[in-house]
Amino acid sequence: MRLSQMLFVTLRESPAEAEIPSHKLLLRAGYIRRVGSGIYAYLPLMWRVLQKVSRIVREEMNATGAQECLLPQLQPAELWQESGRWDTYTKAEGIMFALGDRQQRELGLGPTHEEVITAIARDLIRSYRQLPLNLYQIQTKFRDEIRPRFGLMRGREFIMKDAYSFHPDEASLKQTYQDMHQAYSNILRRCGLKFRAVDADSGAIGGSGSQEFMVLADAGEDQVLFTEDGKYAANVEKAVSLPVDPVPSGFASHENRATPDTDTIQKLCKFLDCSPTQIVKNVLYQAVFDQGQTVLVLVSIRGDQAVNEVKLQNALTNLAGEYGSKTVLSLTVPDVEAQTKWAAQPLPLGYIGPGLANSYIKPAKPAPVGRQATGAVIAKFLRLVDKTAVDLTNFVTGADEAGYHVVGANWQNQAAKTKPAKDQQDSLLPSAFYPLPSLVVDVRTAQVGDRAVHDPSQTLQSARGIEIGHIFQLGNKYSQAMGATYTNEQGEEVPLVMGCYGVGVSRLAQAAVEQSYDKDGIIWPVAIAPYQAIVVIPNLSDAAQVEAASKLYAELNAAGIETLLDDRAERAGVKFKDADLIGIPYRIVTGRSLAEGKVELVNRASHSSQEVELAQVVEKLKQAIAAACAG
Ligand code: ATP
Ligand code: MG
């Protein structure tokens, strides 16, 4: 392609809308153009990159035996109602664009395709003889992200490869899951990316085991915790670890103490001169379940730990049945305004204890006769205790009164364990013992420096990652809900076992830039660069230069090397700058040495240049490209 004939517009300044390097560079270099919030046009250079990534994805998928198809983006609401995800996706996460057609039928724009594919499998898969089966597509997905940002990293319309596999049993699923793990590793390696596969939370997609493929980059939205020995890596949303041991409590007797202005753990520790590991802090959340109930959740956790809201959401989802619900629509820390809706009196914020009285919640109004109570607030705290707080003895916690804490407190079931000295027994008030909530959960956030579970001599380290792919073992969540069964060898009708596997094609392309750029612009990995070479004519009025360049341009393309020709009437400096900015791996300049039958060959990544005989350019580049793509 000749630049003089292309839509080729580069910008000198970084557009104000862009925050991270890859977003700035793709805008400046004319790869993408913003059309609306989270909505981008892929301009010709970008489209070539996306097609190259897609081709690599396709080759690796085909190599596993998966078959390509194309599923509809318009999806009837009924399918999502069958799986039970319509409300979660349109109301709770609110991530699905829902619309009505002219007959007032509800539809969603596909954010993902489990429902559609399961409905197809239900109709077409009858027997174990048809299994296993793996279908994939490469297609635009729609998601109404709360915070679309960073260009293609988090768009509201983006390209994804999604695959769905069907199996007779778990063993077969595990085999395909392994194959996909390998395929994903191959894809990322071939695209020239540094990555790590990590244990992940399965989120609203559901199922049991899942792993994410993280491209390591400072701008990544995810935090990855890993050990040096390479044996453990997990998204912080999912990560587990051993918390540091608590410092034994020095508060032998139970007392209610005035602790003015100590509404944070830090201030309290300073005031009482104690360790945060001796404190039970109580964090209040407000959860709304899909049948409309609002539940106030009081989580007791050790003072040095933080609640992991993803784990908490999962724990609450497991309890949804108790509220006649299936999912949690929202989980928030109630602000002052939210509190006024249900609090019978102001809460002792910063001084809450595990035994905070239920009378802080206004009694529920009975529903009008014949109607179900909707939006009702359950007049009782749901009390959860994190594992880190269960074994604490003589701990410090809130006294349910502003400016006061209790020291030397214990859980009721530990009354036997903590034998106070004889002379202290009298001072031990009955209220020194809190009933231990029956629901013990693991909702703590693993932290950098924690000891690893698999080997306590290893400590967790942290890196930022961009989630490029996610593979899931779904099990029978969707097949069960939607009645997708098959007849097994014994002649029984049983639900299909499923897996699903996604790669963000457009996110991957931008992540490659985030991992590979310098002050001059993008440095594309050769395998996914829009063009492999660019021939630059420094001086258009020099006929010899024009002729040599045109000849090289034709020869390179004929040899299968995708080549641009910068034949614009611009200064040489502008051309070199643009070639660097758009990141084409090899630049060939028909400059001064042309008189000796040579051209300059510049490597974009290293900036190194060499003089090459005209007749050797094609061969030299072929070798360089083959070597770069093999790596
Ligand atoms: P995230 O946590 O980043 O929102 P997700 O868990 O919602 O991702 P999946 O549903 O597993 O993602 O989708 C599969 C892949 O699609 C992701 O690994 C990611 O690469 C890509 N992806 C997801 N959401 C977006 C988006 N809004 N823009 C671009 N790519 C996306
Ligand atoms: Mg998402």
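First listed ligand is number 1; within each ligand, the first listed atom is number 1.
Taking the ring centre of Phe226 as origin, the terminal cationic atom of Arg196 falls inside the region bounded by 6.0 Å and 45° from the ring axis. Taking the ring centre of Phe97 as origin, the terminal cationic atom of Arg143 falls outside the region bounded by 6.0 Å and 45° from the ring axis.
Taking every heavy atom of Gly469 and a limit of under 4.0 angstrom, the matching atoms of ligand 1 come to 18 (O). Of all atoms in ligand 1, numbered sequentially from 1 with element shown, those under 4.0 Å from a heavy atom of Arg143 are 5 (P), 7 (O), 9 (P), 10 (O), 12 (O), 13 (O), 23 (C), 24 (N). When each atom of ligand 1 is checked for a heavy atom of Glu145 under 4.0 Å away, the hits are 24 (N), 26 (C), 27 (N).
Considering backbone and side-chain atoms alike, Asp222 places every N or O at 3.5 Å or more from each N or O of ligand 1. Residue-to-ligand polar distances keep Ser506 apart from ligand 1: every N/O pair is separated by 3.5 Å or more. Taking distance alone, with nitrogen or oxygen atoms compared against 3.5 Å, Gly504 approaches ligand 1 more closely than that limit. Looking at Gly502 next to ligand 1, no N or O pair under 3.5 Å apart turns up.
Ligand 1 lies out of reach of Ile466, whose nearest heavy atom is not under 4.0 Å from it. The closest approach between Thr112 and ligand 1 stays at or above 4.0 Å for every heavy atom of the residue.
Distances from atom 13 (O) of ligand 1 to the heavy atoms of Met160, Glu221, His470, Lys161 put Met160 nearest. Considering each of Phe213, Tyr501, Phe158, the one bringing a non-hydrogen atom nearest atom 26 (C) of ligand 1 is Phe158.
The shortest side-chain heavy-atom distance between Met61 and Glu68 does not fall under the 4.5 Å cut-off. A heavy-atom distance below 4.5 Å is found between the side chains of Leu79 and Met482.
Residues Leu319 and Tyr323 approach most closely at O-CD1, 3.7 Å, considering heavy atoms.
Checked by atom type, the side-chain pair Tyr177/Asp179 shows no donor-acceptor distance below 3.5 Å. One side chain, Gln75 or His113, offers a donor N or O that lies under 3.5 Å from an acceptor on the other.
Remark: side-chain polar atoms of Thr176 are not paired, donor with acceptor, to backbone N or O of Leu173 under 3.5 angstrom.
Using a 4.0 Å cut-off between heavy atoms, Asp162 makes no contact with ligand 1 at all. Only the backbone of Met153 comes within contact range of ligand 1, with a heavy atom under 4.0 Å; no side-chain atom does.
Under the 4.0 Å criterion applied to side-chain N and carboxylate O atoms, Asp201 and Lys311 are not assigned as salt-bridge partners.
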